[in-house]
Amino acid sequence: MPEDQAAWLDQLRTGDESAVRDMVRAYGGALIRFLGGMTGNAADAEDLAQEAFLRVVSHISEFRGEASLKTYLFKIAHNLALNHLSSARQRYEVLPDELPDRPSPEPAPLQAVSDEEEARRLRDTLVHLPSQQRAVVMLRTWEDLSFKEIAQTMSLAEGTVKAHYFFALRNLRRMMEAPHDPR
Amino acid sequence: MTHDEALRHGVAGGPLPQEAQAHLNACPDCAAELEALRAIERRLSRSAPRVQEVDLLPGRVLARVRRSRPRGWAMPSAAALALAVGLWAAWLSRPGERPASTPPAELASASAVLDISGGTDTTADLLGAYETEAASLGTAPPEALKGFLSATEDGG
Ligand SMILES: [Zn+2]
């Protein structure tokens with residue numbers, strides 16, 4: 001993001017298209033990554049990211065600057081994701097007993113696991129967290145938001161965010177250390 | 001201070017309250033767990049899916065911005081549109097297709113989306129809620145979600 005947020009916001013308020021383009025370039029990837037983790041679907045993630053940008057542009061006059069534009073964008077994206085999840089859940093929720101049987105993956109020898117495999121395994125485990133814990137973890141460790149910014153993003157008290165973070169790390173550790181598929 | 005409180009301070013970063021530090025000094029179990037949690041944290045930081053050059057997102061956003069504008073806004077030039085469809089980083093390969101029956105997401109009301117005020121929930125409420133959440137942890141997420149995160153690095 002440009003150093004001078006105020007100047008950038010002024011440009012956005014006047015409908016300057018290059019400012020819109022800069023905003024999308026600056027935050028689009030991060031937003032899609034976050035939304036992908038929340039919704040589990042790349043196409044949905046991009047649709048929701050578009051929607052988030054559109055809302056920022058159309059409501060820019062109401063943006064009062066208490067939070068950074070980045071936090072504001074993540075807040076809108078998070079709300080869109082929650083909405084999407086709650087409407088999707090009504091249609092797609094699958095109870096554990098109804099899942100098809102799948103062979104358990106062979107446990108890989110620990111030393112042979114590459115960084116990329118390890119990252120994949122961690123992301124696979126991440127999806128088992130409750131959505132709030134998942135959101136906090138992604139915003140903190142992937143997007144490098146402060147706890148204060150995450151609290152603004154998720155409309156939670158900062159202490160609550162820290163508690164979610166702690167439980168998320170503890171749950172992830174337990175699931176990663178479980179001898180079999182975390183499911 | 002309880003074990004969990006001390007650990008919560010421990011993973012939150014920043015200077016530790018004296019009480020939390022005292023607990024961690026005196027409680028080897030918590031000291032060991034804190035180390036393990038910090039290790040998970042470092043691994044998480046390295047697990048972010050990479051974003052890749054692809055896409056048309058700036059152009060798509062601009063096209064929607066233009067469509068949504070009230071009359072009186074300047075119309076874009078063809079050149080501006082062409083520029084917008086430029087190089088850019090977006091999501092990786094687009095793993096998995098959207099289920100055919102996926103409906104458009106219902107949109108939150110603008111006032112809810114734009115409400116930037118802080119939350120009022122308390123940590124005590126939250127901890128209560130976790131007993132419920134813990135019970136649900138064994139619940140597998142929808143297949144689409146699992147597939148998504150597995151596939152994210154295939155393209156990059
Ligand atoms: Zn302890």
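In what follows, chains are A, B, ... by sequence order, proteins preceding strands, each numbered from 1.
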Can a side-chain donor-acceptor contact be found between [Y] and [X] if the only test is distance below 3.5 angstrom?
{"X": "T39(A)", "Y": "N41(A)", "answer": "no"}
{"X": "K148(A)", "Y": "T71(A)", "answer": "no"}
{"X": "H3(B)", "Y": "D29(B)", "answer": "no"}

Legend entry - D10(A)/R13(A) ion pair, N-O < 4.0 Å: yes

Legend entry - Contacting moiety of V56(A), where chain B heavy atoms sit under 4.5 Å: neither

Legend entry - Toward chain A, the part of E5(B) with a non-hydrogen atom under 4.5 Å: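 Neither part, no heavy atoms under 4.5 Å.
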
Inset, instruction - Return the option, out of L31(A), L172(A), L82(A), with the maximum number of heavy-atom pairs under 4.5 Å with chain B. - result: L172(A)

